Amino acid sequence: MHDYIIAVDVGTGSVRAGLFDLAGTQIARDVVPISLVQPKERHLEQDSEEIWAAVCRSVRSVIEKSNIRPEAVRALGFDATCSLVVRDREGRPLSVSTTGRANLDTLLWMDHRAVRQAERCNRTGDPLLDRFGGRLSAEMQLPKLLWLKEEMPDTWQKAGLIFDLSDYLTWRATGSTLRGHSPMAAKWGFAPEAPGAAPSDFLALVGLEDVIARAGLPPTTLKATEVVGALSAAAAGELGLTPSCLVAPGLIDAYAGTIALFSLPDVVSGDRLETHLALIAGTSSCVVQLTRQSVQAEGCWGAFRDVAIADLWLTEAGQSASGALLDHILQIHPAGGEPSRARHAAILDHVAERIEREGPGYGLPIHVLPDFHGTRSPTTDPDLTGTIAGMTLDRSFDGLCRLYWRTCVALACGIRHIIAHMPGEPGRVRSLAMAGGFSNHPLIPQLYADVLDCAVLTPVDQDAVLLGTAQHAAVSGGVFTDMARAGAAMAMRMQSVTPNPSLRNFYERDYAALVTMMRHRAELSLLQEAGR
């Protein structure tokens with residue numbers, strides 16, 4: 001009997017694998033770290049061979065931990081960050097690094113080296129830009145491909161296979177160069193409805209008419225309900241599985257989380273779809289809505305159909321750095337240290353204790369404008385910067401915690417600002433399902449409920465991204481006919497918190513402070529321009 005599904009999530013700093021039964025129970029889980037190289041400002045690179053080795057190690061580990069037979073695994077699904085992997089015609093790594101290191105063949109999703117190329121794409125005014133809120137981001141693949149062609153022409157001439165990271169993983173698993181609709185529509189500009197075709201006119205307009213050959217792109221994308229193929233014999237041996245295991249199309253990691261956070265009772269199949277949002281937090285944060293009709297707004301990516309759940313349109317907005325900013329706060333403060341999960345938890349525990357004593361004003365007068373890595377939404381600008389106001393010379397642990405908490409508040413207010421600019425009626429949001437990052441700490445969902453004035457749902461002892469990838473693989477592998485049935489069978493258990501009415505006016509002031517700091521940043525920018 002094929003009674004199990006394996007899901008693999010490749011994040012910025014680690015690979016996670018989860019083994020699930022067909023009731024959605026996570027039987028085993030394993031995490032393997034992966035490295036990140038930053039040779040210069042805005043350049044962030046990885047080694048795809050290291051990533052694949054970590055995938056194999058994590059998958060073999062969950063098989064061993066669960067003590068099941070490899071042939072019992074029916075399907076394997078991958079989700080990943082939207083990083084770009086570059087290979088030659090024989091599938092060998094090609095360096096994308098200015099250091100020349102041959103193993104660094106992957107541009108991390110948050111690499112911002114292609115700002116100039118993104119601006120040139122945006123000046124075309126092409127209708128394709130409407131699907132990306134009016135502007136391509138330097139984090140997307142088209143500007144990065146253009147940078148590669150212009151700045152590393154030798155690498156470009158040798159290239160024969162260029163992948164979004166999740167498609168690289170399915171290629172390593174099956175040998176197939178078919179591509180999932182999820183990354184190709186949302187990051188490469190392919191047509192928004194599956195199966196999507198390449199944007200040939202736009203590619204020619206910006207000088208990427210040869211990218212089809214250089215990247216080895218197929219004519220169209222795979223639907224979410226299709227399968228890439230079965231595991232190759234070689235990959236089955238590396239992963240500790242069998243060639244009978246089917247491989248689902250790759251997913252963007254945030255969209256995998258979206259699947260689990262929308263596959264809830266009365267959301268996809270009921271009347272809650274239009275009033276429900278998902279927030280997937282991590283190094284960055286994504287706010288996602290699903291709709292039955294295509295909707296667009298400036299500063300939002302989408303709408304794309306079939307990139308998460310078949311027949312539904314997805315619109316995305318978000319913050320370029322959220323978890324990364326909290327890590328940065330730890331690293332720059334004298335009382336900080338290495339940003340481990342345990343360190344973050346200890347800080348939040350201390351904050352909870354101090355708030356209990358001092359009230360919600362803990363950390364004032366500190367205010368933070370959290371755009372330390374530019375912005376995605378509602379303005380797409382990688383050059384915008386952040387601000388910390390109200391600092392003193394306090395070097396203590398409590399001083400760190402005050403700064404950390406006020407950064408959390410700023411990030412929550414930033415999400416409110418983003419949601420206000422997403423398509424739909426103001427005040428429509430009644431529930432936000434939140435997963436990833438530090439959403440498992442009780443302070444965080446309560447903070448977002450209070451700032452957003454809506455119910456916040458969080459998973460109970462489940463990993464939303466892994467579960468969403470498993471649900472997707474179960475449908476692709478033929479276990480369930482559609483996502484509604486997969487969601488019902490492999491249901492995510494959620495708990496809910498509601499806003500504290502007594503704090504509404506308090507966080508209104510914080511939100512007003514955030515908007516004021518945005519205005520001050522713009523005014524300072526004008527003064528700087530006038531002085532040149």
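Model, not experiment: these values are computed from the prediction.
Within a 6.0 Å sphere centred on CZ of Arg395, heavy atoms belonging to other residues, nucleotides or ligands number 12 at most. Applying the 6.0 Å contact sphere to CZ of Arg504 captures no more than 12 heavy atoms from other residues, nucleotides or ligands. Under a cut-off of 6.0 angstrom, the local environment of CD in Glu523 is crowded, with over 12 non-hydrogen atoms contributed by other residues, nucleotides or ligands.
In this structure, Arg402 and Met391 have side chains that are not in contact, with every pair of non-hydrogen atoms separated by 4.5 Å or more. Two residues are said to be in side-chain contact when any heavy atoms from C-beta on lie closer than 4.5 Å; Gln319 and Ser284 fail this criterion. Gln289 places none of its side-chain heavy atoms less than 4.5 Å from the side chain of His276. The shortest side-chain heavy-atom distance between Glu45 and Leu108 does not fall under the 4.5 Å cut-off. Using a 4.5 Å cut-off on side-chain heavy atoms (C-beta onward), Leu142 and Gln117 make no contact. For the pair Ile329 and Leu400, the minimum side-chain heavy-atom distance is below 4.5 Å. Residues Ser48 and Tyr168 form a side-chain contact, since some pair of their non-hydrogen atoms from C-beta on lies under 4.5 Å apart. Between Thr283 and Met110 there is a side-chain heavy-atom pair separated by less than 4.5 Å.
Within the 3.5 Å criterion, the main-chain N or O of Trp109 finds a donor-acceptor partner in the side chain of Ser83. Put simply, the side chain of Gln46 gets close to the backbone of Thr12: a donor and an acceptor are under 3.5 Å apart. Under a 3.5 Å cut-off, the side chain of Thr469 and the backbone N or O of Val465 do form a donor-acceptor pair.
For the 3.5 Å distance criterion, the side chains of His333 and Tyr404 fail to qualify, holding no donor opposite an acceptor. Residues Gln26 and Gln462 bring no donor and acceptor atom of their side chains to less than 3.5 Å of each other. Judged by distance alone, the side chains of His112 and Asp383 never bring a donor and an acceptor atom under 3.5 Å apart. Side-chain atoms of His350 and Asp398 form a donor-acceptor pair, as typed in the model, at a separation below 3.5 Å. One side chain, Gln446 or Asp450, offers a donor N or O that lies under 3.5 Å from an acceptor on the other. Side-chain N/O atoms of Asp394 and Ser396 include a donor and acceptor closer than 3.5 Å. Under 3.5 Å, the side chains of Asn500 and Ser502 contain a donor-acceptor pair of N or O atoms. Under 3.5 Å, the side chains of Asp79 and His472 contain no donor-acceptor pair of N or O atoms.
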Show, in sequence, the C-alpha distance, side-chain angles and deciding distance for Arg87 and Asp105, and conclude whether the salt bridge (charged side-chain N to carboxylate O under 4.0 Å, His left out) test is met. CA-CA 7 Å; Arg87 297 268 167 152; Asp105 64 342; 3.3 Å; yes

task: Kindly indicate, with the supporting measurements, whether the criterion ring-ring contact (aromatic ring centres under 6.0 Å, His included) is fulfilled by Tyr362 and Trp405.
output: CA-CA 8 Å; Tyr362 176 73; Trp405 176 242; 7.8 Å; no

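Atom CZ of residue Phe262 and atom CG of residue Leu290 lie 4.0 Å apart, to the nearest 0.5 angstrom.
A salt bridge links Asp463 with Arg29; the closest basic N to acidic carboxylate O contact falls under 4.0 Å. Taking the charged nitrogens against the carboxylate oxygens, Glu139 and Lys144 have no contact shorter than 4.0 Å, which rules out a salt bridge. Ion pair Lys65/Asp30 flagged as a salt bridge, since at least one NZ, NE, NH1 or NH2 atom sits closer than 4.0 Å to an Asp/Glu carboxylate oxygen. Residues Asp510 and Arg406 are paired through a salt bridge, judged by an N-O separation under 4.0 Å between the basic side chain and the carboxylate. Remark: Asp47 does not engage Arg101 in a salt bridge, criterion side-chain N to carboxylate O under 4.0 Å. Using a cut-off of 4.0 Å between Lys/Arg side-chain N and Asp/Glu carboxylate O, Arg113 and Glu41 are scored as not salt-bridged.
Figure legend: cation-pi geometry between Arg131 and Phe304 absent, as NZ or CZ is not positioned both under 6.0 Å from the six-membered ring centre and within 45° of its axis.
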Please output the side-chain donor-acceptor pairs of residues 31-40 that fall under 3.5 Å, not counting sequence neighbours, one pair per line with the distance.
{"from": "Ser35", "atom 1": "OG", "to": "Glu50", "atom 2": "OE1", "distance (Å)": "2.6"}
{"from": "Ser35", "atom 1": "OG", "to": "Glu50", "atom 2": "OE2", "distance (Å)": "3.2"}

Sequence neighbours left out, cut at 3.5 Å: what donor-acceptor pairs do the side chains of residues 451-459 make with other protein atoms?
{"from": "Thr458", "atom 1": "OG1", "to": "Gln495", "atom 2": "NE2", "distance (Å)": "3.4"}

